[in-house]
Structure formats: C-alpha cells, structure tokens
Amino acid sequence: MHERYDVLVVGAGPAGLTAAQAAASRGARVGLLDAQVQAGGQVWRHDVRHAPPAVARRAIEAALSHPGIEWLAQTRVVLQEHDALLLEDNERAWHVRYGALILANGARELLLPFPGWTLPGVTGTGGLQALGKQGWPLAGKKVVIGGSGPLLLAAAATAKRHGATVLSIHEQASAAQIHRFARGLWRWPSKAWQAAMLRTTLAGVPYHTGSVVRRALGGDALQGVEIDGPHGRRQIACDQLAAGYGLVPNVELAQMLGCELRYPNRHACVSVDDMQRTSLANVFAAGEVCGIGGRDSARIEGAIAGYAAVGDQAQARQLLPARQRTRRFADALATHFALDPRVLALADSDTLICRCEDVPLSALDAFPDARSAKLATRCGMGACQGRICGSALAELSRFPRGGIRPPLFPARLSTLGTAPFDPESQGVHP
Ligand SMILES: Cc1cc2nc3c(=O)[nH]c(=O)nc-3n(C[C@H](O)[C@H](O)[C@H](O)COP(=O)(O)OP(=O)(O)OC[C@H]3O[C@@H](n4cnc5c(N)ncnc54)[C@H](O)[C@@H]3O)c2cc1C
C-alpha cells in the first residue's frame, strides 16, 4: 500500500506554498511536505520569540488551510523506487506516488573555509538567523557579520532583534559594485523597500565594503576576527561571527531523479522551461532550486508550476511577465556580488575543509577527483553528506562536480529496511 497525490510538492517555502495552493485551487489533491516542523522555508522560518511578518503569516495560513492540501511536517524524501518516493518522518517510513511532482526544495548557504571557521562561536549568516529564531540566546552577544550578499543585512537585523550587539558588517564586494546594485534597485520597488527597512533597522551599524573576514581568532572558542579591508588589516574582538557567501541550490533530489541540471556558475541548478517543467515528464521545479532569485521570484515560479502541473497553462502563462522581472533581479544579484579572488584564497593547507570528518585541505592534494578523495579521507562522508564541503570545493575549483547516491540524507535503518515498493500494489488513494 502507498499514498497517492495528484500533486506532491517537496518544500514548503515561498515556492512550495504557492505551488500547492495553485494546484489545489484547481481541485487537485496535494501533498505538501517539508523537513522542517513549520512551513515557511528559509525566509519565513518560524521564530520562537517574534510573530511572523504579515505576508508570511498570510501565505502560510492560506496554503495550509486550503481544502485539498495535506501538510506533512518533518518529512524528508529519502530515495526513489520505480515511480514512487520513499519518505520518512519521525515515526514512520512510507512510499508515495504522484501524478505530478513539484520540487521546491530551495537553497542552502555557501560557506567558504578560512582559518578558524570551525571554532565554537562561528556560524554561517543564515545559520545565525536560524539559531536565533529557534531560541538560541543571542542577547548581549557581540556579533560580527561577514561574507557577501543581502543575507548579511537580514542576518544582522535578526541578530539585533534578538538582543545582540552587531559590531559591524563586512561585505566582500567593492563599494563600486554595491553602489551600482543600490542605484538599480528602483526597478524592483519591493526590494528597494526591503533594503530601506533593513538599513533603518541597522542604523548605526557600520557596513564595510571590499572587506573580507580573513581569520577567526581564539583557542577553544571565538575571541575575535581579523579583517582585510580597503585600508589594511585589523582585528575586532567579538564573541560571535557569522560568515556566508550567498546561496547554493539544493539540486540533490533533482539529480537523484535524473532531471537535467544547468551550470550558470560553479553550482548547478535545475533546468526548467517557461512552465517550470524539468526534463522529466510530470516533474516541475520552482524557486531557488532553479537559481538564486529571492522570495518574490520563488512565489511566482511556485504559482506557475502549480497551475502548469494541473494543466492550467493559460493561468500559468499570465504570470510570465512577472517572472521575467523577478529573474532580472537574480541576474543583478549574481553580477554585483561576484566573489573577489581574495575570498577563494583564504584557506591554508591546515584549514579544515570537511568539518564533519575533520579533513584539512592539504589532505585532498593527492587526489584527482571528489570520489577518490572521499574514499581515502572520508571528506564528504559526514552528517551533511558533502553539502557544505562539496559546494566549497566546487567554488574553490578543486574538484569536478560529483554525482549523488541515495539515501539523500542520513536515514533510519528501519526506513532503509522498508519493504520494497511494489508497482502493482493498490494505493490508499488510487
Ligand atoms: C539559511 C538561509 C536564510 C535565508 N534568510 C533570508 C532572509 O532572512 N530574508 C530573505 O529575503 N531571504 C532569505 N533567504 C533566501 C530565501 O531562502 C529565498 O529567497 C526564498 O525563501 C526561497 O524560497 P524557496 O521556496 O525557493 O526555498 P526555501 O525557502 O529554501 O524552502 C525550501 C524548503 O524545502 C525544504 N527541503 C529541502 N530539501 C528537502 C527534502 N529533501 N525533503 C523535505 N524538505 C526539504 C526545506 O526545509 C525548506 O523549508 C535565506 C536563505 C537561506 C538558505
């Protein structure tokens, strides 16, 4: 026995929520699953201390209360068998079939290694946001934020809202790049408004451009950072550092299914057509898994995918001009926040590249590709299954792109021991 949905949506961020709602609005029975406890994805991650913004609350409520949508919280896709997916939640494992599948599983942070990046007190920028929202105490902490992209401002604002003192923000892009980006923002009024709000929230927090976090300092825990800025190097005492260099699409599930990928830069994203169709029949993709474009782009693509998945191409087509506008914002992000070569040269031979398995960069020197390095050093074999070090190594141009082997995430043995999927069996909802 297995479940069957007309449309199965993987990921309940902005893209997945609108995809599910669009498909259900045409009468489809929709399964909406996410590995997290609460829907909302990365940008609308549940905050234990603060109420969500109205736009997030409305979007989440509208989808989860919509007739025809079944919400599957804390549910992960483990692997594919025939035309079914094996899912796991905290209690059970089961197979699910679908008429159409929508991949809306977003992106993760790009973390790049630098000396000291594994010290307690150092996280990614999105990581700091997630910790704060989940209740980890930030009040009274002296925080430095570094890396690249608009997420630095969002992370700083979250840290401040949770009572931290943000000492400074260090953006690696040059002043000229940032000014050009800011001057073009009038083309996306909602982004310009968001940026203005963030600057107001962060009034008084120094924002340095052309400024790179070179090193985290400390013995057993973080005590400070060394910054390389336009006026030379200096050290700042702090007890929390958040450093992230943009986002990387989560393509592993699409890759496992066999969807075609494209490579706009060193990182893959899922290749889709105007209707968000992937190269596989009945498999669609929407949001940041198709390329980093922000929340507005994710919501529009989700709606296009949802309508297209149930055959309402006419409605989907009406959203194409809006999609073009938001994707131009994605192009502007990629151009103006391109990484300075200084950032790619921060790690030295002793810097750990795989922090799950404690593998230093120099340990990889003898190997021609990721697979042989993995077999000999265990690089990429830890809890994150290479999601962090694999993306970092791709960015550093160390190894060609690797393949993917199921399971997608570390899974329970009992899940892997689930009776094999029988394509002849009757579903619970045939
Ligand atoms: C760490 C982080 C923090 C961010 N913070 C901000 C911010 O503060 N402000 C802002 O404007 N933008 C932020 N962004 C960017 C923001 O994520 C996007 O603009 C937008 O949320 C993308 O929406 P999406 O629906 O495509 O993906 P996401 O919002 O990333 O949603 C994808 C969802 O899929 C789920 N998922 C992934 N793989 C699986 C799987 N195999 N099984 C089950 N579920 C799965 C994830 O749990 C997630 O909830 C952040 C991004 C990241 C990575």
Side-chain angles (χ1 to χ4, degrees), residues 42-43 45 47 49-50 53 109 111-112 114 116-117 119 121-133 136-183 185 190-218 222-247 294-295 333 336-337 339-340 342-343:
Q42 299 288 2
V43 58
R45 183 184 281 273
D47 189 324
R49 291 213 188 90
H50 300 277
E109 250 191 303
L111 303 181
L112 293 176
F114 55 89
W117 76 298
L119 275 178
V122 184
T123 64
T125 44
L128 182 72
Q129 267 192 315
L131 285 169
K133 289 183 176 182
W136 191 67
L138 286 174
K141 292 236 161 89
K142 285 187 277 188
V143 179
V144 170
I145 304 224
S148 196
L151 193 50
L152 304 192
L153 298 180
T158 305
K160 205 173 166 198
R161 207 167 40 246
H162 284 260
T165 302
V166 181
L167 300 177
S168 47
I169 301 171
H170 300 271
E171 166 59 60
Q172 60 84 39
S174 68
Q177 281 171 289
I178 297 300
H179 288 146
R180 269 197 298 276
F181 177 71
R183 274 201 302 274
L185 271 184
S190 73
K191 296 291 174 197
W193 173 251
Q194 223 179 331
M197 289 294 96
L198 283 169
R199 288 310 290 159
T200 308
T201 307
L202 297 170
V205 177
Y207 180 79
H208 301 285
T209 50
S211 189
V212 170
V213 174
R214 270 186 56 79
R215 176 182 299 273
L217 308 166
L222 180 74
Q223 292 173 333
V225 294
E226 183 180 303
I227 302 290
D228 183 14
H231 308 296
R233 293 187 186 170
R234 67 187 168 118
Q235 295 189 352
I236 304 172
C238 63
D239 39 32
Q240 190 72 43
L241 166 66
Y245 290 89
L247 305 177
R295 178 191 74 189
L333 276 182
H336 294 102
F337 292 94
L339 291 185
D340 184 318
R342 267 184 307 165
V343 173

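Below, all heavy atoms of this structure are taken into account, side chains as well, without hydrogens, waters or symmetry copies.
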ask   = Do Y207 and L153 touch side chain to side chain, with heavy atoms closer than 4.5 Å?
value =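 Yes, their side chains come closer than 4.5 Å.
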
query = With a 4.5 Å limit on heavy-atom distance, are the side chains of Q172 and R342 in contact?
reply =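 SC-SC contact between Q172 and R342 ruled out.
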
Do you know which two heavy atoms are closest between [X] and [Y], and how far apart they sit?
X	Y	answer
I178	F337	CD1-CE2, 3.4 Å
I227	S211	CG2-OG, 3.2 Å
L202	A157	CD2-N, 3.8 Å
R199	V205	NH2-O, 4.3 Å
L138	G132	CD1-CA, 3.8 Å
P150	L333	CG-CD2, 3.5 Å

key: Derivation of the side-chain contact (heavy atoms from CB on, under 4.5 Å) call for S174 and T209   = CA-CA 5 Å; S174 68; T209 50; 5.9 Å; no

With rounding to the nearest 0.5 angstrom, report the [atom1] to [atom2] distance, [X] to [Y].
X	Y	atom1	atom2	answer
E109	Y245	CD	OH	11.0 Å
H162	K133	NE2	NZ	7.5 Å
L151	T125	CG	OG1	4.0 Å

Please tabulate, for side-chain N and O atoms in residues 231-244, each donor-acceptor pair with protein atoms closer than 3.5 Å (sequence neighbours left out).
unit_1	atom_1	unit_2	atom_2	d
R234	NH2	H208	NE2	3.3
D239	OD1	K142	N	2.6
Q240	NE2	G121	O	3.0

request  = Apply side-chain contact (heavy atoms from CB on, under 4.5 Å) to the pair F114 and V212, showing each step before the final yes or no.
outcome  = CA-CA 10 Å; F114 55 89; V212 170; over 6 Å; no

inquiry  = So, using side-chain hydrogen bond (donor to acceptor under 3.5 Å, both in side chains) as the criterion, who are the partners of T201 when residues are at least two apart?
reply    = none

request  = Could you check K191 against Q194 for side-chain contact (heavy atoms from CB on, under 4.5 Å), going step by step and ending with a plain yes or no?
outcome  = CA-CA 5 Å; K191 296 291 174 197; Q194 223 179 331; 3.7 Å; yes

request  = Answer yes or no: does atom CH2 of W136 have more than 12 heavy-atom neighbours from other residues, nucleotides or ligands under 6.0 Å?
outcome  =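 Yes, because the 6.0 Å sphere around CH2 of W136 holds more than 12 heavy atoms from other groups.
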
message = How about NE2 on H179, more than 12 heavy atoms from neighbouring residues, nucleotides or ligands closer than 6.0 Å, or not?
response = no

Would a distance-only check, ignoring hydrogens and angles, find a side-chain to backbone donor-acceptor pair under 3.5 Å from [X] to [Y]?
X	Y	result
E226	A216	no
E171	A173	yes
R45	Q129	no

inquiry  = Apply side-chain contact (heavy atoms from CB on, under 4.5 Å) to residues I145 and V166 and explain how you reach the verdict.
reply    = CA-CA 8 Å; I145 304 224; V166 181; 4.3 Å; yes

